[in-house]
Amino acid sequence: MSPDNPDPERPVDETDRPAPPDEPRRPSRTVLTVLGFVLAIAVLGAPLGLLWAALAPDTPVLKTAEGAIYAEPQPEQPIAADGWFSLLGLAFGVLAAVVVWFVLRRRRGPVGLLAVVLGALAAAPVAWQVGRRVGLATFDRLLDSAPDGQAFTKPADLRAGGVDWLLGFLPVPHGNLLLPAFGAAITYTLLAGWSRWPSLRPEPDPASLSWVSAGTPAPTTAPEPPAPGATEPPRG
């Protein structure tokens, strides 16, 4: 008789064994997970910037002795560039939050929220710098070599957002560069609030649990006794 099976006539059922305790989460593994997702989301800022450069209109300018000036008194193209970046940034943050919610199932909660918010904060400046540099080399060349009065276009740039440097080395985005992180935080928080599980992770349905193992065969039915007056089989 073993401690795992006090009744030797009864086979050991694996479902009767106590579940092993959850492995403790290592802080180093959590930090590496957050950094990995922050880096992955930040890299996705590059295609976001290319998409913004393709959708945002260029602004017509004129070359003068003092530099380039707007060809129109109040151009609408810079406003449209800010608007496109804001819309794309919000959509990017929403999609990033949904992806992190389903991919990081075991890390749902503060860890997932931190990863997606920091990733969106890093992706916004990347998208801005990548998008504004599309066509910037051509603009700079025309600005240096074009004669006065020549008309050309300036690539999209942001006027309602940018990056400030705190203490000279810490970048702090502001304006519509914060919209991707805002959209990610709101979406992730809503997903957590709508979750059906208190732990935010999928849990087994108590109704589906049973004390009898699915692999345990059902007991056989005992044979019925012979009817009265029935002929007994010959005995040798």
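Both backbone and side-chain heavy atoms feed into the values below; hydrogens, waters and symmetry mates do not. Note that the coordinates shown come from a computational prediction; the quantities given were computed from them, not determined experimentally.
- Contact of the Phe152 side chain with the Pro60 side chain is not registered, since no non-hydrogen atoms from C-beta on lie closer than 4.5 Å.
- Separation of atoms CD (Gln150) and CG (Leu143) is listed at 11.0 Å; rounding is to 0.5 Å.
- Contact of the Leu39 side chain with the Leu35 side chain is not registered, since no non-hydrogen atoms from C-beta on lie closer than 4.5 Å.
- Clustering ILVMFWY residues whenever any of their side-chain heavy atoms sit less than 4.5 angstrom apart, transitively, puts Phe102 in a cluster other than the one holding Leu95.
- Leu90 and Leu158 fall into different hydrophobic clusters, defined by Ile, Leu, Val, Met, Phe, Trp and Tyr side-chain heavy atoms under 4.5 Å apart, directly or through other members.
- Phe139 and Pro155 get closest at one heavy-atom pair: CB-CD, 3.8 Å.
- Rounded to the nearest 0.5 angstrom, Leu62 CG and Glu72 CD are separated by 9.5 Å.
- The line from CG of Asn176 to CG of Leu88 is 11.0 Å long, rounded to the nearest 0.5 Å.
- Contact annotation: the side chain of Ile79 never approaches that of Asp82 to less than 4.5 Å [non-hydrogen atoms, C-beta and beyond].
- Contact detail for Ala115 and Val34: the closest heavy-atom pair is CA-CG1, 4.1 Å.
- You'll find the side chain of Phe85 reaches within 4.5 Å of the side chain of Leu177, heavy atoms only.
- The two residues Pro78 and Tyr70 have their closest heavy-atom pair at CG-OH, 3.9 Å.
- In the hydrophobic cluster analysis, where Ile, Leu, Val, Met, Phe, Trp and Tyr join through side-chain heavy atoms closer than 4.5 angstrom, Val163 is grouped together with Leu178.
- Pairing each heavy atom of Phe92 with each of Gly45, the nearest pair is CZ-N, 4.4 Å.
- Summarising the geometry, atom CG belonging to Leu113 is positioned 11.0 Å from atom CG belonging to Leu191; distances are rounded to the nearest 0.5 Å.
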Quiz item: Going through the distances and angles, do Thr187 and Val94 end up as a side chain to side chain contact (heavy atoms under 4.5 Å, CB included)?
Solution: CA-CA 6 Å; Thr187 303; Val94 171; 3.3 Å; yes
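- Contact annotation: the side chain of Pro180 never approaches that of Leu121 to less than 4.5 Å [non-hydrogen atoms, C-beta and beyond].
- When side chains are defined from C-beta on, Thr153 does not count as touching Thr59, because their heavy atoms never get closer than 4.5 Å.
- You'll find the side chain of Phe37 reaches within 4.5 Å of the side chain of Val100, heavy atoms only.
- Here the straight-line distance linking atom OG1 of Thr30 with atom CZ of Arg106 works out to 10.5 Å at 0.5 Å rounding.
- Around the CD atom of Gln129, the shell of radius 6.0 Å holds more than 12 heavy atoms that belong to other residues, nucleotides or ligands.
- Two different hydrophobic clusters hold Leu179 and Tyr188 under the rule that ILVMFWY side chains link at heavy-atom gaps under 4.5 Å.
- When all heavy atoms are compared, the tightest approach of Val117 to Ala181 is O-CB, 3.9 Å.
- No more than 12 heavy atoms of other residues, nucleotides or ligands sit less than 6.0 Å from atom CZ of Phe182.
- Residue pairs that meet the salt bridge (charged side-chain N to carboxylate O under 4.0 Å, His left out) test with at least one member in residues 157-169, sequence neighbours left out, are Arg132-Asp157.
- Side-chain contact between Leu136 and Asp140: present, with at least one pair of heavy atoms (C-beta onward) separated by less than 4.5 Å.
- Residue Lys63 qualifies as enclosed at atom NZ: its count of foreign heavy atoms under 6.0 Å is above 12.
- Trp128 pairs by the ring-ring contact (aromatic ring centres under 6.0 Å, His included) definition with nothing, not counting sequence neighbours.
- Between Pro57 and Ala81, the closest heavy-atom pair is CD-N, 4.5 Å.
- Linking ILVMFWY residues whenever their side-chain heavy atoms come closer than 4.5 Å, directly or via other members, places Trp194 and Ile186 in the same cluster.
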